[in-house]
Amino acid sequence: MAAKTESDSPVIVLKTYDFVLWLCQRVRDFDRAFKFTLGDRIVQSGIDFLTGVVTASYSNAGKAAILKTASTELTRLRYLIRLAKDLKLLALQSYGHASRSLEEIGRMLGGWMKAGARQEV
């Protein structure tokens, strides 16, 4: 079996990658007081979510558990980004973009989880 290429990756993986890349660029501009605390947690959470969806895309067994963990990480990321917005570390326009992106990614994740649950029945 040949290794997957980027073009073989599920759309959720590609969209998550693009979002995490965008997010890293926003965190780079955080105020110094929060860059290494909240900023690092946001980036780590984004990377953890990305790693989860990539792992799930390659897994056959245990995919449901991996996706559940990824879903929890996505919720964590949403709250951290909201906190950054409320602390005025993210511009309202950036927060809007993040919210729309996470909403789209969340819908994809939910669909993937439902499709997996139907296959297990």
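Position 1 is the first residue of the sequence, and the numbers go up from there. These figures come from a predicted structure and were not determined experimentally.
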Peer 1: Heavy atoms only: give me the nearest Asp40-Phe36 pair and the separation to one decimal.
Peer 2: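 Where Asp40 meets Phe36 most closely, the heavy atoms are OD2-O, 3.1 Å.
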Peer 1: Should Leu87 and Leu38 be marked as a side chain to side chain contact (heavy atoms under 4.5 Å, CB included) after you check the CA-CA gap, both sets of side-chain angles, and the distance that decides it?
Peer 2: CA-CA 10 Å; Leu87 290 169; Leu38 181 59; 3.9 Å; yes
Peer 1: Out of curiosity, Phe30 CZ to Ile42 CD1, how far, rounded to the nearest 0.5 Å?
Peer 2: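 It comes to 4.0 Å.
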Peer 1: Given the rule that I, L, V, M, F, W and Y join up when any side-chain heavy atoms are under 4.5 Å apart, are Phe49 and Val43 in one cluster?
Peer 2: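 Same cluster: Phe49 reaches Val43 through Ile, Leu, Val, Met, Phe, Trp or Tyr contacts under 4.5 Å.
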Peer 1: For the atom pair CG (Leu102) and CD (Glu104), what is the distance rounded to the nearest 0.5 Å?
Peer 2: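 Rounded to the nearest 0.5 Å, the CG-CD separation comes to 10.0 Å.
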Peer 1: Any carboxylate oxygen within less than 4.0 angstrom of a Lys/Arg side-chain nitrogen, looking at Arg100 and Glu103?
Peer 2: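 No, this pair does not count.
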Peer 1: Ser9 and Tyr17: side chain to side chain contact (heavy atoms under 4.5 Å, CB included), yes or no, with the steps?
Peer 2: CA-CA 11 Å; Ser9 296; Tyr17 177 87; over 6 Å; no
Peer 1: Could you measure the distance from the CG atom of Leu50 to the OG1 atom of Thr55? Nearest 0.5 Å is fine.
Peer 2: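 Separation between the atoms: 9.0 Å.
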Peer 1: Give a yes or no answer on whether the side chain of Thr69 reaches the backbone of Ala65 with a donor-acceptor pair at less than 3.5 Å.
Peer 2: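 Yes, because the side chain of Thr69 sits within donor-acceptor range (under 3.5 Å) of the backbone of Ala65.
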Peer 1: Within this structure, what is the NZ-CG distance for the pair Lys85 and Leu90, rounded to the nearest 0.5 Å?
Peer 2: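 Nearest 0.5 Å value for the NZ-CG distance: 10.0 Å.
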Peer 1: Minimum heavy-atom separation for Ser59 to Ile66, with atom names?
Peer 2: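 Closest pair (atom of Ser59, atom of Ile66, distance): OG-CD1, 3.4 Å.
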Peer 1: Would a hydrophobic clustering, with Ile, Leu, Val, Met, Phe, Trp and Tyr connected at side-chain separations under 4.5 Å, put Ile12 with Val20?
Peer 2: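 Shared cluster, yes.
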Peer 1: Quick check: is Leu109 connected to Leu80 through a chain of hydrophobic side chains (ILVMFWY, heavy atoms under 4.5 Å apart)?
Peer 2: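 Yes: a chain of side-chain contacts under 4.5 Å links Leu80 to Leu109.
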Peer 1: If only side-chain N and O atoms count, and only distance matters, is there a donor-acceptor pair under 3.5 Å linking Gln44 with Asp48?
Peer 2: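 Yes - a donor-acceptor pair under 3.5 Å links their side chains.
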Peer 1: If you draw a 6.0 Å radius around CD in Gln93, do more than 12 non-hydrogen atoms from other residues or ligands fall strictly inside?
Peer 2: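 No, the 6.0 Å shell around CD holds no more than 12 heavy atoms from other groups.
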Peer 1: Kindly give the heavy-atom pair with the smallest separation between Ala56 and Lys63, and that separation in Å.
Peer 2: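 Heavy atoms only, the tightest pair is O-CE, 3.0 Å.
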Peer 1: Is any side-chain heavy atom of Leu77 closer than 4.5 Å to a side-chain heavy atom of Phe19?
Peer 2: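 In contact.
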Peer 1: Hey, what do you get for CZ (Arg41) to OG (Ser45), rounding to the nearest 0.5 Å?
Peer 2: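 So the gap between those two atoms works out to 10.5 Å.
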Peer 1: Could you give me the CA-CA distance, side-chain angles and deciding distance for Ser101 and Lys15, then say whether side chain to side chain contact (heavy atoms under 4.5 Å, CB included) is met?
Peer 2: CA-CA 8 Å; Ser101 296; Lys15 289 198 177 277; over 6 Å; no
Peer 1: For Leu89, which of Leu83, Ile81, Asp31 qualifies under side-chain contact (heavy atoms from CB on, under 4.5 Å)?
Peer 2: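 In the set Leu83, Ile81, Asp31, the residue that makes a side-chain contact (heavy atoms from CB on, under 4.5 Å) with Leu89 is Asp31.
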Peer 1: Distance from Trp22 atom CH2 to Ser94 atom OG, nearest 0.5 Å?
Peer 2: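 It comes to 4.5 Å.
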Peer 1: Would you kindly confirm whether Val11 and Val53 end up in one hydrophobic cluster when ILVMFWY residues are joined by side chain heavy atoms under 4.5 Å apart?
Peer 2: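 Same hydrophobic cluster.
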